[in-house]
**Q** 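Before anything else, here's the structure in question.
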Amino acid sequence: GALVVPVFWLLLRQLGATRRVAFLGALLLALDNALVAISRFVLIDSLLLLFILGAITASLAARRRTGWARWAWIGASAVACGLAAGTKWTGLAAPGVVGVIWLRDALARRARGGELAGLAVVPAAVYVAAFAVHFALLPQGGPDGAFADRMADVHRAMQAGNAEYVTSTHVSASPWWSWPILKHPIYAWQGDSVTTTRSGHVLIVGNLVVWWAALAGMAAIVAAMLRGGAMRARLATRRDALALLAAAWAINYLPFALVARILFLYSYFPAFVFSVALAVAGVGALAGWSDGDDARPWRFPSRRSAALYWGVAGLAAAMFVFFAPLSYGTPISDAGFRARTWVIERHF
């Protein structure tokens, strides 16, 4: 989970973000309570985020290389794609985004068909190899312990498990359209009461400032595009990066509208990460954070630009501290618990 933040910084830098834009994006992720909670609980969503971000970052790094260096980064991207898909099936979004990057390069005649073959074969090989290791570590199942049969059995079991969720209900489930506004958190843990009115709780709930600022930033990008003029011209300088991040957000989010089973907030985390990247990249262009000398990142083009930058960072830090008891399980009063969950739907 800790590696998600620096890899996210590298992703933004590979997309051409200035140091201050990349720093703000990484800071916002570091201050998100939901990502802290899933990392502390060693949930596999932290691995999923790392592999997805790693796959895309490596793919972007390959664009700046030629020869064996390019092939090495493509190989790293392909391995990360396989690891993402092997962590969760939703990790298939990683090869989806990497495929978009490759297609963009192919149209610009900067990519070859052999690279696409590698991006298809290597992830599949990594996915299968993970199961081979898993099966090798298990006790033998009898004279009929064939690999293809075991693969078929385990995938049927996973599919059956997903099918059960179609008719199931759960107190922490939430519909896909409610995720961006952080309407319903996931109750992860409740500790023993310290007193009759004081106990610890852990909720997988995001930093409201970060999540809502990401939405506001995306809305500002759309508004600037529709308005045209100077603001649209500013965005045009970051067109390729914004288009890729928008595609990554859509690939990681919109397919959930077609899923029939009950869903949970953690499924939105990859899309959330890309919403933050899209927001800081777009607002960075609009607010002038992408202007100036990158060697002196803390010299802003105007006081208003600096105030907006540090204002967002400060509010995010304050909200992180406010929600920290729900991320770390620090005992709080019942009134304190209600004060931190008044804005979100509660079923607990």
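All heavy atoms count here, side chains included; hydrogens, waters and symmetry mates do not. These figures come from a predicted structure and were not determined experimentally.
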**Q** Holding to ring pair (Phe, Tyr, Trp, His ring centres under 6.0 Å), I want the full list of residues that pass it with F264, two or more places apart in sequence or in another chain.
**A** H170, Y266

**Q** Could you list who else is in V222's hydrophobic cluster, with ILVMFWY side chains joined at under 4.5 Å, directly or through other members?
**A** L226

**Q** Whether the side chain of R198 engages the backbone of P331 through a donor-acceptor N/O pair (distance < 3.5 Å, no angle test) should be reported.
**A** yes

**Q** Verify, without hydrogens or angle tests, whether N207 (side chain) and A316 (backbone) share a donor-acceptor contact under 3.5 angstrom.
**A** yes

**Q** Side chain of T57, backbone of G54: donor and acceptor closer than 3.5 Å?
**A** no

**Q** For residues 73-92, pull every pair meeting salt bridge (charged side-chain N to carboxylate O under 4.0 Å, His left out), keeping only residues two or more places apart or in separate chains.
**A** D45-K88

**Q** Which other residues end up in the same hydrophobic cluster as L258, if Ile, Leu, Val, Met, Phe, Trp and Tyr are linked when side-chain heavy atoms come under 4.5 Å apart?
**A** none

**Q** Can we call the ring centroids of W179 and F256 under 6.0 Å apart?
**A** yes

**Q** Without hydrogens or angle criteria, can the side chains of W289 and S305 be said to hold a donor-acceptor pair below 3.5 Å?
**A** yes

**Q** Would you mind listing the cluster partners of L10? Hydrophobic ones only (ILVMFWY), side-chain contacts under 4.5 Å, chaining allowed.
**A** W9

**Q** Does R340 make a cation-pi contact with F323, if we ask for NZ or CZ under 6.0 Å from the ring centre and within 45° of the axis?
**A** no

**Q** Applying salt bridge (charged side-chain N to carboxylate O under 4.0 Å, His left out), name anything that partners R296, two or more places apart in sequence or on another chain.
**A** D293

**Q** Other than L83, what residues sit in its cluster of Ile, Leu, Val, Met, Phe, Trp and Tyr side chains whose heavy atoms are under 4.5 Å apart, directly or through others?
**A** L47, F51, V79, V122, V126

**Q** Can you sort out the partners of W89 under ring pair (Phe, Tyr, Trp, His ring centres under 6.0 Å), two or more places apart, ordered by chain and number?
**A** none

**Q** What residues, two or more places apart in sequence or in another chain, satisfy ring pair (Phe, Tyr, Trp, His ring centres under 6.0 Å) together with F147?
**A** F135

**Q** Show me the pairs that pass side-chain hydrogen bond (donor to acceptor under 3.5 Å, both in side chains) and involve residues 18-41, at least two apart or across chains.
**A** D32-W211, N33-S327

**Q** Just jot down the ring pair (Phe, Tyr, Trp, His ring centres under 6.0 Å) partners of Y127, sequence neighbours excluded, or say none.
**A** F131, H155

**Q** Could you check if a side-chain atom of L244 sits within less than 4.5 angstrom of a side-chain atom of V97, using non-hydrogen atoms only?
**A** yes

**Q** Between the main-chain N or O of Q14 and the side-chain N or O of R64, is there a donor-acceptor pair closer than 3.5 Å?
**A** yes

**Q** Backbone N or O of V171 within a donor-acceptor pair of the H184 side chain at under 3.5 Å?
**A** yes

**Q** A side-chain contact here means heavy atoms from C-beta on lying under 4.5 Å apart; do V21 and S290 qualify?
**A** yes

**Q** Tell me, please, which residues at least two apart from R65 pass side-chain hydrogen bond (donor to acceptor under 3.5 Å, both in side chains).
**A** none

